[in-house]
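One structure is given below, encoded as structure tokens.
For the numbers below, each heavy atom of this structure counts, side chains included, while hydrogens, waters and symmetry mates do not. First the proteins, then the strands, lettered A, B, ... as listed; each starts at 1. Remember, it's a predicted structure, so these values are computed and weren't measured experimentally.
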Amino acid sequence: MKIEVNGEAREGIATITDAVAAVTTARRGIAVALNGEVVPRSEWDRPLADGDAVEVLTATQGG
Amino acid sequence: MKIEVNGEAREGIATITDAVAAVTTARRGIAVALNGEVVPRSEWDRPLADGDAVEVLTATQGG
Amino acid sequence: MKIEVNGEAREGIATITDAVAAVTTARRGIAVALNGEVVPRSEWDRPLADGDAVEVLTATQGG
Amino acid sequence: MKIEVNGEAREGIATITDAVAAVTTARRGIAVALNGEVVPRSEWDRPLADGDAVEVLTATQGG
Amino acid sequence: MPQHATARTDPTRDADLKIADKTFTSRLILGTGGAANHAQLAEAITASGTELVTVALRRVDPGASGSLLDVIERCGVELLPNTAGCFTAEQAVRTAKLAREAFGTNWIKLEVIGDEDTLLPDPVELLDAAETLVADGFTVLPYTSDDPVLARRLEDAGCAAVMPLAAPIGTGLGVRNPHNMALICENANVPVVCDAGIGTASDAALAMELGCSAVLLATAVTRAADPALMAAAMRDAVSAGRAARLAGRIPKRHLANASSSFEGMADL
Amino acid sequence: MPQHATARTDPTRDADLKIADKTFTSRLILGTGGAANHAQLAEAITASGTELVTVALRRVDPGASGSLLDVIERCGVELLPNTAGCFTAEQAVRTAKLAREAFGTNWIKLEVIGDEDTLLPDPVELLDAAETLVADGFTVLPYTSDDPVLARRLEDAGCAAVMPLAAPIGTGLGVRNPHNMALICENANVPVVCDAGIGTASDAALAMELGCSAVLLATAVTRAADPALMAAAMRDAVSAGRAARLAGRIPKRHLANASSSFEGMADL
Amino acid sequence: MPQHATARTDPTRDADLKIADKTFTSRLILGTGGAANHAQLAEAITASGTELVTVALRRVDPGASGSLLDVIERCGVELLPNTAGCFTAEQAVRTAKLAREAFGTNWIKLEVIGDEDTLLPDPVELLDAAETLVADGFTVLPYTSDDPVLARRLEDAGCAAVMPLAAPIGTGLGVRNPHNMALICENANVPVVCDAGIGTASDAALAMELGCSAVLLATAVTRAADPALMAAAMRDAVSAGRAARLAGRIPKRHLANASSSFEGMADL
Amino acid sequence: MPQHATARTDPTRDADLKIADKTFTSRLILGTGGAANHAQLAEAITASGTELVTVALRRVDPGASGSLLDVIERCGVELLPNTAGCFTAEQAVRTAKLAREAFGTNWIKLEVIGDEDTLLPDPVELLDAAETLVADGFTVLPYTSDDPVLARRLEDAGCAAVMPLAAPIGTGLGVRNPHNMALICENANVPVVCDAGIGTASDAALAMELGCSAVLLATAVTRAADPALMAAAMRDAVSAGRAARLAGRIPKRHLANASSSFEGMADL
């Protein structure tokens with residue numbers, strides 16, 4: 001199953017939790033979008049489908 | 001039948017042609033709106049209905 | 001003998017000390033000009049001549 | 001006899017007329033200073049002395 | 001060569017103003033509002049050298065003496081109707097259609113006001129009206145703010161020109177934001193007409209130097225003490241500013257640059 | 001009426017520039033410094049419409065090709081020599097006398113510089129030189145700072161005009177201090193000529209609007225990408241600014257003043 | 001009396017900044033963008049005295065050293081996420097929802113850009129996004145142009161503040177159009193925060209003098225040679241401008257008004 | 001580190017103002033003219049944080065209530081007498097000598113006015129008086145125009161500082177010619193004090209940003225609606241402007257410079 005995480009295709013990602021773990025160990029200040037829509041943390045364990053695009057975002061310096 | 005021409009109620013106005021004649025002798029540079037919609041000159045003779053509002057407009061100084 | 005003190009003609013003024021006493025009881029922050037020239041305090045007792053003009057000056061609000 | 005013309009030492013210059021001829025053939029719009037002082041054209045033939053400094057000036061572009 | 005000189009010294013000669021299908025020699029558009037009477041207006045139009053004047057559409061005034069259209073015709077200039085006074089896109093669209101009917105032109109100076117104290121345009125209603133009128137075949141010249149993004153969107157909507165304000169109508173404050181005006185001119189692919197807020201000749205010249213293709217003004221001329229003389233001033237200011245823009249001005253320097261060389265200074 | 005219109009639209013018609021014993025139709029004085037060559041200079045002089053050009057006095061250059069005086073003569077304009085480059089009153093006075101001898105004119109643009117980076121005038125040396133030259137019968141036109149008190153003292157010393165700078169020579173920064181320039185114009189009883197610092201047309205127009213009687217510039221024209229075209233721009237800018245000044249501009253307002261009346265708005 | 005003096009000399013004492021449900025003592029909001037590193041950022045935040053700093057939302061960077069959130073927490077200031085980089089209302093709305101999820105705040109600095117060279121806001125998309133987010137319960141602080149009509153419409157849409165730009169982001173040009181900024185402040189019923197374009201202390205002071213309730217800046221501090229010192233400068237400039245506004249400045253005069261009376265002059 | 005921060009954020013800590021033999025922590029000099037009464041003046045002096053205030057010398061007023069000197073003493077600040085109102089060098093020199101006798105200080109703010117409407121200084125009389133007073137052992141602080149050449153000559157004459165005006169006394173017009181002010185600061189080897197014409201906080205900040213070492217003002221504070229609050233504003237504005245100058249401002253750009261990087265943008 002192919003999942004895109006932050007623009008990179010990855011293997012072995014079954015859930016959003018997996019996707020987050022793949023790019024960061026941080027838990028605070030993290031938000032996730034699945035195919036453009038925000039996914040509340042309570043739903044991070046629901047299974048992903050092939051071709052899903054996951055964005056794992058956090059705070060960076062900005063004006 | 002009551003017709004409003006340029007905001008004034010008038011009697012004895014059957015057509016737009018009558019309405020125009022009631023306020024000006026000019027023919028050039030005149031446009032007419034019936035209840036907000038422009039009426040081409042070719043249709044000035046169609047009968048008005050009670051309560052119709054006619055606007056007879058022309059050029060004035062403007063920036 | 002006529003002496004002018006701060007622009008006003010006065011009688012009975014024999015010395016600069018008299019002139020100063022005629023317009024103020026203050027001693028601090030006072031300077032005196034006799035006919036345009038500054039007179040140090042040490043010389044305030046020297047006699048004035050008829051027609052002398054004495055200016056008794058002090059600090060006022062200024063920019 | 002050494003004469004300076006426009007900052008350059010020159011030989012064989014006996015008069016201002018010589019000095020002018022040494023640097024230009026123009027006659028119009030020319031003024032001459034001898035040791036800093038203007039010399040009217042009428043006096044251009046008076047003899048120069050050793051060490052005299054002659055300035056031969058004309059119009060140039062200026063603001 | 002004198003011929004060449006003439007060409008060179010008349011920047012409009014080789015660079016007429018083209019808007020949609022029309023070409024103008026004059027780069028000054030005159031608003032007719034504010035003139036004390038028709039005679040004074042005619043004199044100002046003549047002195048300005050303009051070829052295009054704006055008019056508003058209002059209820060016929062039975063008591064009016066003389067026709068504004070006759071004045072414009074006598075002056076031999078074209079007429080550009082506006083939608084002044086409209087606060088909504090719908091009102092402005094209806095007014096534009098009435099103007100087309102009245103004057104037989106599909107050109108419209110599109111004004112949609114968002115505030116009655118400043119008479120500043122409403123960006124949303126303005127863009128909406130512009131899209132509707134372009135779709136209906138109008139040649140739309142929108143009076144807009146000096147917002148470069150809004151100007152771009154109006155151009156993208158098919159407007160034949162964009163007309164950013166120098167300052168609010170009738171204020172005479174001149175180009176309040178030269179930086180925005182320059183940004184608009186740098187990015188526009190249609191003529192930029194500086195519209196409203198001009199107070200005096202140097203304001204008009206500056207607008208042209210910033211890259212505007214033309215200047216539209218009314219109050220500055222019609223309400224000046226001597227309208228005809230101010231009209232002549234604006235005529236000259238617009239060509240001066242245009243020529244200065246084309247001539248390539250010198251750079252600004254912090255320190256001096258001698259115009260009389262020190263070379264060859266006499267030792268006095 | 002067209003005749004009248006012409007009169008009205010040509011502010012110089014009824015108001016020539018008078019300095020000392022001379023009268024000029026043009027209110028633009030052109031400095032010749034900075035021109036790439038004589039042909040370009042001639043073209044700029046012609047396009048500018050000027051009647052008076054400045055020159056500096058320097059050692060004759062044996063290698064010079066052609067005479068600047070011939071160019072000026074061919075253009076049919078008068079010559080105003082300057083004392084550019086002088087740092088003391090004595091130097092300037094000597095230079096003025098040499099100029100009188102060379103060109104047969106007692107007119108002199110008096111420059112006494114106090115700093116070589118900014119080329120700004122030295123107020124003390126300038127006033128000293130002005131007094132000496134006036135006493136010697138010269139018609140003195142001093143290049144001065146924009147200090148209203150110094151301008152007054154130069155006028156009191158008998159100068160035929162005062163020529164305050166807009167900005168340092170060749171900087172093209174425009175009128176740095178309009179307030180001072182206005183104060184000088186309000187109080188002067190001789191013509192005020194804005195001299196130096198002009199960069200583009202709107203600068204020249206502004207100087208005239210502030211009340212100057214004329215503008216003197218060199219670099220802005222001679223070093224522009226197209227000197228002749230910039231000369232034409234300056235010609236028009238000076239008459240535009242003069243006309244705007246005479247025409248009585250509208251007051252500046254904080255809020256808008258409708259140029260299209262709301263009266264008679266249709267109910268759409 | 002010294003107590004009174006203290007009160008008088010601390011304009012924020014009696015006039016805290018209130019936005020929606022929050023109150024701030026500092027009227028300076030600091031953007032974190034552009035800082036060379038976290039240490040420098042922390043020093044600048046401290047020196048600025050700010051209580052609110054903006055952050056952007058971006059993909060987690062596995063290689064990032066240290067957490068920006070830790071820095072902000074250590075400085076004891078609140079966080080305001082922005083939607084920087086969004087070009088459409090939809091993108092901005094999604095970003096705002098993600099920020100709410102990530103940081104547990106419903107406050108959002110709404111940016112919807114219309115042009116990548118100037119980063120100026122798109123008025124139509126901005127207003128659209130603001131309406132959507134307000135309806136979704138967000139406290140919306142929109143970064144907007146200095147268009148008074150757009151500012152009014154954003155306020156009418158329920159924004160908690162309006163944040164007009166002084167000049168384009170990062171340009172340091174200062175308040176390009178003081179007239180528009182003043183018009184916005186005169187008419188707003190929510191706090192006006194001057195956002196973007198500030199370059200130096202006097203710019204920030206001027207924004208407050210024009211009536212702004214606060215100033216938001218990033219680049220001016222983070223990219224200054226000494227960010228902490230510039231942060232202190234901005235802190236003082238904002239309170240100076242606010243105090244000057246409250247203190248009632250003297251009117252501007254054309255002529256002088258003696259501060260030392262001539263009365264009692266000695267005859268010397 | 002907090003200690004360091006403190007040092008960094010207090011630009012005056014490492015850079016006191018030195019004039020002649022004295023050192024000041026505050027860079028604001030307050031003129032006492034225009035205050036409604038002594039109580040208000042005392043409050044303003046305290047709020048301003050100044051260490052030096054100016055006074056004029058006038059005939060004793062038998063009816064005067066309370067002594068200005070007592071007020072100044074109670075505030076614990078030093079006194080700087082001026083020669084305000086003098087029109088000639090001779091008058092100013094005599095006044096300076098009387099001030100030295102009255103107050104036991106050889107410091108003098110030298111004013112020699114050339115025009116009673118603008119109160120602008122007379123360059124020739126001013127320089128003459130400065131030379132005389134320096135020779136007589138005075139520490140001379142001349143109130144001068146913003147002419148860089150005159151400022152240089154005053155410095156060469158031995159003045160301890162130069163005090164160019166921002167604008168005429170009491171006009172509140174702010175720094176009319178920032179270019180001249182910057183040129184003076186770049187070239188001066190003595191402190192430059194911006195004296196007269198300041199109207200509000202941003203004016204004072206700008207003067208410091210241009211490179212002035214201090215600001216002297218009276219009317220802006222004493223005639224404000226709330227003098228003490230404006231005094232606090234000026235105190236903060238001067239340190240803000242000084243800090244901004246030292247901090248190294250960002251360059252001005254024509255186009256934007258993103259403060260939120262586009263890198264890492266989510267694909268939404």
Side-chain angles (χ1 to χ4, degrees), chain G residues 5 8-9 31 33-34 43 46-47 56 58-59 82 84-85 91 94 117-119 168-173 199-202 205-206 209 218-220 223-226 228-230 232-233 236-237 239-241 243-244 246-250 252-253 255-260 262 264-266 268, chain H residues 5 8-9 31 33-34 43 46-47 56 58-59 82 84-85 91 94 117-119 168-173 199-202 205-206 209 218-220 223-226 228-230 232-233 236-237 239-241 243-244 246-250 252-253 255-260 262 264-266 268:
Chain G
R8 298 291 294 291
T9 60
E43 201 181 353
T46 305
R58 294 288 182 268
R59 288 169 170 171
N82 69 30
Q91 238 185 329
R94 287 177 162 181
D117 294 327
T118 60
L119 300 179
I169 294 168
T171 58
L173 293 173
T200 185
S202 55
L206 174 60
E209 288 164 354
T219 309
R223 294 200 163 105
D226 183 337
L229 186 51
M230 186 59 87
D236 291 348
S239 38
L246 296 174
R249 63 157 292 158
I250 55 172
K252 295 183 179 184
R253 298 164 164 270
L255 293 179
N257 182 19
S259 55
S260 303
F262 283 91
M265 277 290 289
L268 300 175
Chain H
R8 299 290 294 287
T9 60
E43 203 182 350
T46 304
R58 295 288 183 269
R59 287 168 171 171
N82 68 29
Q91 240 185 326
R94 285 177 162 180
D117 294 327
T118 60
L119 300 179
I169 294 169
T171 57
L173 293 173
T200 185
S202 55
L206 174 59
E209 289 164 353
T219 308
R223 294 200 163 104
D226 184 337
L229 186 51
M230 186 59 86
D236 291 347
S239 36
L246 296 174
R249 63 157 292 158
I250 55 173
K252 295 183 178 183
R253 299 164 162 271
L255 293 178
N257 181 20
S259 55
S260 302
F262 283 90
M265 278 289 290
L268 300 175

Examine whether an atom of G:Glu209 lies under 4.5 Å from a heavy atom of chain H, and if so say whether it belongs to the side chain, the backbone or both; otherwise answer neither.
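Contact with chain H involves the side chain of G:Glu209 alone.
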Examine whether an atom of G:Ala56 lies under 4.5 Å from a heavy atom of chain H, and if so say whether it belongs to the side chain, the backbone or both; otherwise answer neither.
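Just its side chain gets close to chain H.
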Count the heavy-atom pairs under 4.5 Å between each of [options] and chain H, then report the option with the highest count.
options: G:Gly199, G:Ala237, G:Gly31; answer: G:Gly199
options: G:Ala218, G:Gly34, G:Gly241, G:Gly85; answer: G:Gly85
options: G:Ala84, G:Gly172, G:Ala256, G:Ser259; answer: G:Ala256
options: G:Thr200, G:Leu206, G:Leu119; answer: G:Thr200
options: G:Leu268, G:Thr171, G:Thr118; answer: G:Thr171
options: G:Ala247, G:Ala224, G:Gly248, G:Gly170; answer: G:Ala247

For the pair G:Arg223 and H:Arg249, evaluate side chain to side chain contact (heavy atoms under 4.5 Å, CB included) and give the outcome as yes or no after the intermediate values.
CA-CA 8 Å; G:Arg223 294 200 163 105; H:Arg249 63 157 292 158; over 6 Å; no
May I ask you to test the G:Arg58-H:Ser260 pair for a side-chain heavy-atom distance under 4.5 Å?
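Heavy-atom side-chain distance check passes, below 4.5 Å.
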Sub-4.5 Å side-chain heavy-atom contact between H:Leu246 and G:Met230:
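With C-beta onward as the side chain, the pair stays apart.
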Criterion side chain to side chain contact (heavy atoms under 4.5 Å, CB included) on H:Ile169 and G:Asn257, from CA distance to verdict
CA-CA 6 Å; H:Ile169 294 169; G:Asn257 182 19; over 6 Å; no
If we define contacts as heavy-atom pairs under 4.5 Å, which of H:Ala205, H:Gly264, H:Gly33 has the most with chain G?
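The option with the most such pairs is H:Gly264.
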At a heavy-atom distance under 4.5 Å, which candidate from H:Ala201, H:Ser202, H:Ala220, H:Pro168 has the highest pair count against chain G?
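Max contact count across the listed options: H:Ser202.
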Atom pair CD/CG of G:Glu43 and G:Leu229 - distance to nearest 0.5 Å
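Nearest 0.5 Å value for the CD-CG distance: 10.0 Å.
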Atom of H:Ala233, atom of G:Ala243 and distance for their closest heavy-atom approach:
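Nearest pair, atom of H:Ala233 first, then G:Ala243: CB-CB, 3.6 Å.
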